[in-house]
Amino acid sequence: MNQIKWLNRSQPQPLYSAVLLSYFSAAFLLFESRVERQIVLDVFKAIVSLVVSERTTQNLTDAIVPAVVTLLLGGAFVAGGLGTASERRWGHWLCSSAAVYSTIATLWWGMRTNFALGVFMRMMFDALLLVLLFHPISRGYRRVWFT
């Protein structure tokens with residue numbers, strides 16, 4: 001049984017770079033969205049205020065869903081990178097799924113904001129991650145070595 005690795009230098013360069021970029025994508029995603037340690041407290045306050053006051057479900061959804069989706073996507077990038085470095089199929093699948101979702105979400109956001117500079121930069125990193133994950137060398141290595 002393989003042990004869990006954060007980085008695996010024996011993997012081909014595109015796959016190794018994809019693992020590093022997935023970790024950086026998670027860090028930048030959390031940094032960009034300004035998710036702080038107080039997110040749990042904010043979620044708790046929103047749920048309590050829904051019960052105590054007359055806030056609607058839409059107000060709760062607007063307050064919580066973006067933060068939860070950001071945390072889930074960041075977690076998917078980290079777990080996917082960890083699984084890919086450990087040569088697990090689920091890790092590569094998770095990292096690929098997170099990269100595709102992030103690319104689609106960035107495209108959608110870019111169309112709403114007329115592709116501001118920050119959105120354009122994020123789109124470049126998402127596209128690079130997709131290229132590295134689906135590179136022919138990465139796919140060949142995954143087919144042979146991943147369990």
Side-chain angles (χ1 to χ4, degrees), residues 1-48 50 57-147:
M1 181 174 194
N2 292 344
Q3 64 184 23
I4 294 180
K5 301 176 185 177
W6 286 98
L7 294 172
N8 188 350
R9 298 283 306 204
S10 66
Q11 291 179 334
Q13 187 65 37
L15 200 56
Y16 180 76
S17 299
V19 170
L20 283 175
L21 192 57
S22 70
Y23 295 146
F24 286 128
S25 292
F28 288 135
L29 181 72
L30 296 177
F31 178 72
E32 286 173 355
S33 64
R34 295 175 188 88
V35 174
E36 300 172 358
R37 290 183 293 175
Q38 197 160 6
I39 186 73
V40 177
L41 183 60
D42 292 341
V43 170
F44 179 73
K45 284 181 182 179
I47 292 172
V48 168
L50 178 67
T57 307
Q58 183 63 36
N59 291 341
L60 180 67
T61 302
D62 291 343
I64 293 177
V65 169
V68 171
V69 168
T70 301
L71 287 174
L72 287 175
L73 187 59
F77 275 128
V78 171
L82 184 65
T84 302
S86 300
E87 297 179 343
R88 304 284 190 209
R89 287 188 194 272
W90 61 263
H92 191 273
W93 180 86
L94 186 62
C95 193
S96 301
S97 300
V100 167
Y101 176 80
S102 180
T103 303
I104 292 170
T106 305
L107 260 174
W108 178 77
W109 186 252
M111 286 189 283
R112 294 185 66 187
T113 61
N114 294 327
F115 287 98
L117 180 62
V119 174
F120 184 70
M121 295 289 289
R122 178 78 193 166
M123 189 67 200
M124 287 185 351
F125 281 109
D126 289 340
L128 178 61
L129 182 57
L130 284 174
V131 167
L132 291 172
L133 285 169
F134 295 114
H135 192 278
I137 293 174
S138 297
R139 288 186 4 222
Y141 186 85
R142 184 195 59 200
R143 251 184 262 132
V144 172
W145 293 104
F146 280 36
T147 56

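Across every non-hydrogen atom of Thr84 and Cys95, the tightest pair is OG1-CB, 4.1 Å. The shortest non-hydrogen separation linking Ser22 to Phe77 is O-CB, 3.4 Å. Heavy-atom minimum distance, Gly80 versus Leu94: N-CD2, 3.8 Å. Of all heavy-atom pairs spanning Ala99 and Leu133, the tightest one is CB-CD1, 4.2 Å.
Counting non-hydrogen atoms of other residues, nucleotides and ligands closer than 6.0 Å to CE of Met124 gives a total above 12.
Atom CG in Leu129 sits 10.5 Å away from atom OG in Ser17 (nearest 0.5 Å).
Checking Gln11, His135, His92, Glu87 one by one against Tyr141, the side-chain hydrogen bond (donor to acceptor under 3.5 Å, both in side chains) holds for a single residue, Glu87.
Sequence neighbours left out, not one pair with a member in residues 134-147 passes salt bridge (Lys or Arg N to Asp or Glu O under 4.0 Å). Identified under the salt bridge (Lys or Arg N to Asp or Glu O under 4.0 Å) test for residues 9-19, with sequence neighbours left out: none. Counting only residues at least two apart or in different chains, salt bridge (Lys or Arg N to Asp or Glu O under 4.0 Å) contacts with residues 108-126 comprise Arg122-Asp126.
In this structure, Ile137 and Leu15 have side chains that are not in contact, with every pair of non-hydrogen atoms separated by 4.5 Å or more. Counting heavy atoms from C-beta outward, Leu21 and Ser25 have side chains that approach closer than 4.5 Å. Within the 4.5 Å cutoff, no side-chain heavy atoms of Ser102 are placed close to those of Phe125. Within the 4.5 Å cutoff, the side chain of Val19 has no heavy atoms near those of the Asn8 side chain. Tyr23 is listed as a side-chain neighbour of Leu7, based on a closest heavy-atom distance under 4.5 Å. Contact annotation: the side chain of Leu72 never approaches that of Tyr101 to less than 4.5 Å [non-hydrogen atoms, C-beta and beyond].
Judged purely by atom type and a 3.5 angstrom limit, Thr106 has no side-chain atom pairing as donor or acceptor with the backbone of Met123.
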